Every structure is written in structure tokens, then in C-alpha cells.
Enquirer: 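One structure, as C-alpha cells, below. Some questions next.
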Amino acid sequence: MPKTKTAEAKFEFKAEIKQLLDILVHSLYTHKEIFLRELISNASDAMDKLKFESTKGTEIADNDLPLEINIKADKDKKILTVSDAGIGMTKDEIVNNIGTIAKSGTSEFLKIMAESKEDASNIIGRFGIGFYSVFMVAKKVVIKTKSFRKDEPAMQWESDGLGSYTITPLEEKIKRGTTIEVHLKDDIDEFLEKYRLESIVKKHSSFISFPIKVEGEQVNTQAAIWREPKSNIKPEQYTEFYKFLTYDQEEPLTVIHRSVDAPIQFTSLLFIPKRSMDMFGYNREDYGLDLYVRKVLIQHQNKDLLPEYLSFVKGVVDSEDLPLNISRETLQENIIFTKISTSVTSQVLSHLTTMAEKEEDKYKQFWKEHGKVFKLGYMDYANQEKFSKLLRFNSSESKDENDMISLDQYIERMKKSQKEIYYVFGSSREAVALDPHLEIFKSKGLEVLYLYDPMDEFVMEALRKYKDYDIKSVEQADVKKLNKMKSVDDDTKEDIEELSKEDKKHFSSLLKKMKDILGDKVKEVKESKRLSGSPIVLVTPEDGISSTMQKIMNITGKTQTVPTKIMEVNKNHKLIRNLLKIFKANDNDPYIKTAVEQLYESSLLLEGFLTDPHKLVDRVNSLLEDSSEWYTSARNIN
Ligand code: ADP
Ligand code: MG
């Protein structure tokens, strides 16, 4: 029948989609067969949506059609067709879903393609643009579709994937659903062979819950695997299902399969991937569990079944007890749903706890890959104890920075008289080693947790306590109490002579002088009880905001504020002793001012608060100049 020109409408693809098509049409990807997986997946989605509509009581066209996917090959015309009895599409839906509106997935996909060597065909389905993969094998694609809405006319979409497409009202009579005609490229014949089609379906689509028929014969036989008893399922089947669900090439790190009967019936089949799937931080929406009610898919990637800090978990949850006609919008308010989600969360936490106890290496890998996301769990107050138990840290006692311990291990080996858990934050293990705050902990032989991720500091500040122990930063520790503890290296201090009574007075005056020099930059200058190797340290006054909070405020606010701290001075340090001598000879010697300012700014630099290094560098240069003079004359170098 000739087309009526007036009814045909021609559309241009959006620029981004043209770019995508250009990649796909000219692709040399090795896994072209995955186009079939994508078409089947869309057909299955369309029938899931139909089931969902019918459970809501919506009136549906051709209600008696069997929900199945039919794949047929016409060898003479070289056309492969994939048809379904799903919801179909109206004209507007075709325009919106396939074609003009560039979905965010397109640009993310293109970015990944530009940056990585990943085979596009492996991941394209993850970005909500799977349909276009058909152009890897097709020179032309025709979609014939009729919506489940009773009075909507059937439509035909057609494109060669080169830049434009047409939409025409379809004059032949068809039933509800969608048929995709794939006009194969001239050199591609393999997808016309029945055995080849069957093997592709088995490989990629065996977990589709609707019958898939190739030339009339059903190929897939898998029931909903999560509904099977655990003892019936082989590890390979879990892996297969996992790969089907996630597009991951590797097997999962771990599988959690539970069936609960009371008080609420539900089944969960969950996986933790070996690697974080948060690829380069793109596609942030790609998480959540698939929610089924009595095997009907209610929502793909539901984001409320698990808290965000467990978003690395993949899988499905299926319940008998949720009402089938529940709307996605009211799910969160449903008490049964809330109970299921609470229960799923504890399943994951318990599983991780067992893994940490019994499979240490696996847990290590989990922590390495997913720890960054997991740490967000400090906000889950209901599970705080379980959560805290699962945290891992590097510490002063660790062999190297990959060696991690739990809070329980810390407690186990802590000193008898110790009542607190200590931590310090720094950019690296090397940087932390130089932190003067740690000196007293070293001399008392106290273990300190090393934090390198700013997130860790949030976590510690939020927890504040673990079991009976307060968690404190080394800065907040009570130095008086620490000093009462026995030192492990008492003999190292012996060669420092005590200050005479008179010198103690001079030292007090020197401290006053230092305060005068620094003015409002410091709250107080006083003798230190915690230092052994460093001349000075800056500490937070008791009523002051902690360094962490200050940094957070500096990050979130627009201004850079330098916190007002207390400067503690180590009277037994060589440099301070020399300053004292200079001070005694002339309490106005300009060297004192230079040295004090330098000490102060060096400390700020160490703590990450020095915003303008110019003065510091200038001063260091002039001190170096002076010392080089002395050095050359002392050594008679000319
Ligand atoms: P995704 O499936 O991730 O949304 P696709 O590129 O595979 O991305 O498909 C785009 C959209 O086209 C689908 O979301 C759906 O709205 C529509 N679509 C594709 N195939 C069908 C089909 N067989 N029946 C109904 N709608 C379909
Ligand atoms: Mg799809």
C-alpha cells in the first residue's frame, strides 16, 4: 500500500545520538551479538510494564495476547524480527524514547568511550541507550508498534541510522506490542541461523522471565532463580544471573541469598561486585535493587530498599506480602516495604560481618573497592554498632599503609590504663609520621589510628564512641592524663639538662615575648607537656572548633579562616634553648621575632592552614643566606 506523503514525518537525530550512531555503525566491536540481548531486554521491559499496568487495573488492548518474545529470521530478505506483546508505543512515545530527546546516558557513554578502552558493546545497555546497538548489525531498522492504550493507532518508525528517521501511521492491522525488523548489513549472515540465535539467547538472556521463542521454539527455561531453594542452585548459576543483571564480566565477590517467612515473606538475592562500578563517577543513577511482587517486576533499581551507603549491592527482592497494585510513589510510605528494607539492610551488614570474620582476604578486597561508599554509613544510627565494627583503619602499629585494623583489634591491644581510642588525620603515612601531636603517643607507646581520607574524620566525629571508649583526635587528648602514663622510652631524655630556677623565669618571659610577637594569631603561648622531638606545636583550645570542623567550614564557606590556636613550646628543644640564650642576652634581638614567626607559620603549613606561603619562603631564604655565611666562615670556605 503506498504511503500517504502527508502522514509521514521526518525527524533528525539529536547531535549526541548522531555521534553515538556514528561510533556504532562503523564499529569493529567483537561482541556485536549483544544487540539481540538489548532488543530482548527492551521487549521484556515492555511486558513487565504491561503486567504492572494490568495489576493497577488499567484497561488494556488485546488483553488475551500471550506475554512472550518471538524471534524469527527471514533468510531470503535477510531480516531478523523480534516481537513482543508489551506496552507498545504511541507516536509521542516513539519520538521521546527513541530518537530526539538525548538522554543523559548518551553523553556519559560517549565520555567513557573517549576515556577508556572498554568494549562499548559490553556496557552500552547500562546507559539506557541499548536500543541503538542494533545499528552495529543493521543497515535499516523498522519498528512497528501499537500502544496498550485502546484508541491509539499503530505506528511505524524507520531509520538507516545515518542521521534521520521517519514516523508513519501504520496501515496494516497489528495487535498490541512491538515488532523490531532488523535489516541486516550485507556481510552479516550469522544472525539468520537458528542455532546461532538460540545460543545467543541462552548466553545472554536466559534469566528473562517471559518465554523467548526462536522460530517458534522456546529457548529459555530458567525460572526466577531467587525463588529456588538455595540448595538447588550451583555457584555458576548465581554467577550467570549476576552477569545477566549487572553487565559485569567478572563473577561477584560474594552472594547473599535469603528467604524470610515471618513476620513478612520476602526473598532476596544480592551480590557485591568485585570492583566498584562507579566508573569514573559517571552514571550515578545506576544503582538500586529490582523490586518484584509475586514475580512481577514493580520497579527496576529501586533506591529505597537499601541505604545509599550500601548502593554497591546489586540484586533483586521479591515479596508475597506487598500489594501488587502498589504505586512506586507510595512505596516508601508502605509499612511492609519499610520493614523489608530494614531487614535487607541487616542481611547485608550481617553478611559483611561474617565475611570479615571468616574470609579476611575477601573482606580486605571489599574494603578496598567499596569502603569509600560504605563509610557514609556513619549516618545510619540504627545500625551504628554493626557499622562501626566493619570499619577499617591504618594505624601507627601497621607494617605499611595497606595493613588495616578494626576498632575491636585496636581495643584488644590497647594499654590497660588507656580509656580512649586515638586517631590522627594526615595526607599520607609519611606526613602523619612528622606530626608533632604524635610525639607523646609514641613516647607512651600508644597506638594511634591513621586517617588519610577526610571522610574518615567525619566518621570519627560522628561516632564519638565505640563500645565503652571515647574516640578522640590526638589533638583533643587530655595531655595531663597521658603524661601520668608510663613512658616506653624514658632513657632517651636523660641528656637534657633541667632549666635552672632562674632560667625558668626567663623562659616564662620568653613565652610572653612570643605571645607579643604573634599577637591575636594565637590564643596563648605556653610550655608544652607533650612534645619531645619538635620545638612547638599548635593545639586547639578546649572551647575552640576542631581542625576538622575548621577545614570543613573552609571548604564549604568562601573565606579561608586560620583558626586561633594555643602555641605550646618545648623547653627542652635545642632550638628553644638557643632562643632562650639569645633572649637573655638581648630580649629585643630581631632574630627572636624571625624565629617565632617562622615556627608559627611552619606549624600552620603542617596543619594545612597556611594560605599564603610568600612570607614563609622569604624568611626561610634569608635565614638560609645567613646560615650559609656562618657555615662558610666556620669552615673556612672561601
Ligand atoms: P533503556 O531500555 O535502558 O531505556 P533503550 O535504548 O534500550 O534504553 O530503549 C529506549 C527506550 O525505548 C525504552 O526505555 C523504551 O521506552 C523504548 N522501547 C524500546 N524497545 C521497546 C519495546 N520493545 N517496547 C516498548 N518500548 C520500547
Ligand atoms: Mg534497553
Side-chain angles (χ1 to χ4, degrees), residues 1-29 32 34-36 38-39 41-43 45-46 78-83 86-115 120-121 123-147 149 152-172 174 177-186 188 282-283 285:
M1 208 176 285
K3 280 176 203 157
T4 41
K5 272 272 174 264
T6 45
E8 177 176 307
K10 191 168 174 184
F11 300 82
E12 286 286 306
F13 282 118
K14 272 241 171 154
E16 258 182 349
I17 293 191
K18 276 190 195 169
Q19 221 178 320
L20 172 70
L21 284 168
D22 193 52
I23 292 180
L24 292 170
V25 170
H26 300 109
S27 73
L28 297 169
Y29 301 127
K32 293 191 175 174
I34 61 87
F35 83 92
L36 191 59
E38 296 306 325
L39 296 185
S41 146
N42 287 347
D45 288 351
K78 297 189 67 169
I79 298 174
L80 180 73
T81 55
V82 178
S83 31
I87 50 167
M89 284 179 273
T90 63
K91 182 181 171 191
D92 286 349
E93 283 165 346
I94 303 179
V95 173
N96 286 335
N97 299 339
I98 305 199
T100 47
I101 294 196
K103 297 185 208 167
S104 61
T106 321
S107 53
E108 283 166 357
F109 179 79
L110 291 172
K111 263 186 232 161
I112 294 217
M113 290 314 302
E115 285 169 32
S121 59
I123 55 167
I124 187 164
R126 238 198 253 167
F127 292 83
I129 47 176
F131 169 75
Y132 298 101
S133 66
V134 70
F135 286 105
M136 293 195 289
V137 299
K139 59 181 180 195
K140 182 168 99 174
V141 177
V142 178
I143 304 178
K144 295 175 177 170
T145 184
K146 185 172 180 320
S147 168
R149 283 178 252 269
E152 287 290 343
M155 302 302 295
Q156 171 163 320
W157 177 97
E158 202 177 310
S159 175
D160 56 9
L162 292 179
S164 64
Y165 60 90
T166 57
I167 300 183
T168 335
L170 189 67
E171 281 166 30
E172 83 192 72
I174 60 166
T178 304
T179 296
I180 315 263
E181 275 180 23
V182 184
H183 297 243
L184 291 163
K185 288 183 186 173
D186 296 335
I188 299 183
Y282 296 133
N283 215 13
E285 287 304 295

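Index from 1, following the sequence. Nothing here was measured: the structure is a model prediction, and the numbers come from that model. Just so it is clear, the values below take in all heavy atoms, side chains as well, and ignore hydrogens, waters and symmetry mates.
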Enquirer: What I'd like to find out is whether the side chain of Val182 reaches to under 4.5 Å of the side chain of Leu39, using heavy atoms alone.
Expert: yes
Enquirer: Heavy-atom distance under 4.5 Å between the side chains of Met136 and Ile34, does that happen here?
Expert: yes
Enquirer: According to the interplanar angle, ranging from 0 to 90°, do the rings of Tyr132 and Phe13 count as parallel (below 30°), tilted (30 to 60°) or perpendicular (above 60°)?
Expert: perpendicular
Enquirer: Can you check whether Ile94 reaches Tyr165 side chain to side chain, under 4.5 Å on heavy atoms?
Expert: no
Enquirer: Would you check if Glu152 and Glu93 make a side-chain contact, meaning some heavy-atom pair closer than 4.5 Å?
Expert: no
Enquirer: Determine whether Glu38 and Val134 satisfy the following criterion, side-chain contact (heavy atoms from CB on, under 4.5 Å), listing intermediate values before the conclusion.
Expert: CA-CA 8 Å; Glu38 296 306 325; Val134 70; over 6 Å; no
Enquirer: Is there a donor-acceptor contact under 3.5 Å from the side chain of Thr145 to the main chain of Met89?
Expert: yes
Enquirer: I want to check something: taking the side chain as every heavy atom from C-beta on, are Ile17 and Ile129 in contact at a cut-off of under 4.5 Å?
Expert: no
Enquirer: Report the distance from atom CD of Glu158 to atom CD of Glu181, rounding to the nearest 0.5 Å.
Expert: 8.5 Å
Enquirer: Is the shortest side-chain heavy-atom distance between Ile167 and Phe11 below 4.5 Å?
Expert: yes
Enquirer: To the nearest 0.5 Å, what is the distance between NZ (Lys10) and OG (Ser159)?
Expert: 10.0 Å
Enquirer: Which distance, rounded to the nearest 0.5 Å, do you find between the NZ of Lys78 and the CD1 of Ile188?
Expert: 8.5 Å
Enquirer: Is there side-chain contact between Thr179 and Ile174, with heavy atoms separated by less than 4.5 Å?
Expert: no
Enquirer: Rounded to the nearest 0.5 Å, what's the gap from NZ on Lys139 to NZ on Lys185? Could you check?
Expert: 11.0 Å
Enquirer: Let me see the working for Val141 and Phe131 under side-chain contact (heavy atoms from CB on, under 4.5 Å), right down to the final yes or no.
Expert: CA-CA 11 Å; Val141 177; Phe131 169 75; 4.2 Å; yes
Enquirer: Taking all non-hydrogen atoms of both residues into account, name the closest pair between Leu20 and Leu110 and its distance.
Expert: CA-CD2, 4.1 Å
Enquirer: If you measure from CG on Leu21 to CZ on Phe135, what distance do you get to the nearest 0.5 Å?
Expert: 6.0 Å
Enquirer: Contact between Met155 and Leu170 at the side-chain level, heavy atoms closer than 4.5 Å - yes or no?
Expert: no
Enquirer: Between CD of Gln19 and CD1 of Ile23, what distance do you get to the nearest 0.5 Å?
Expert: 6.5 Å
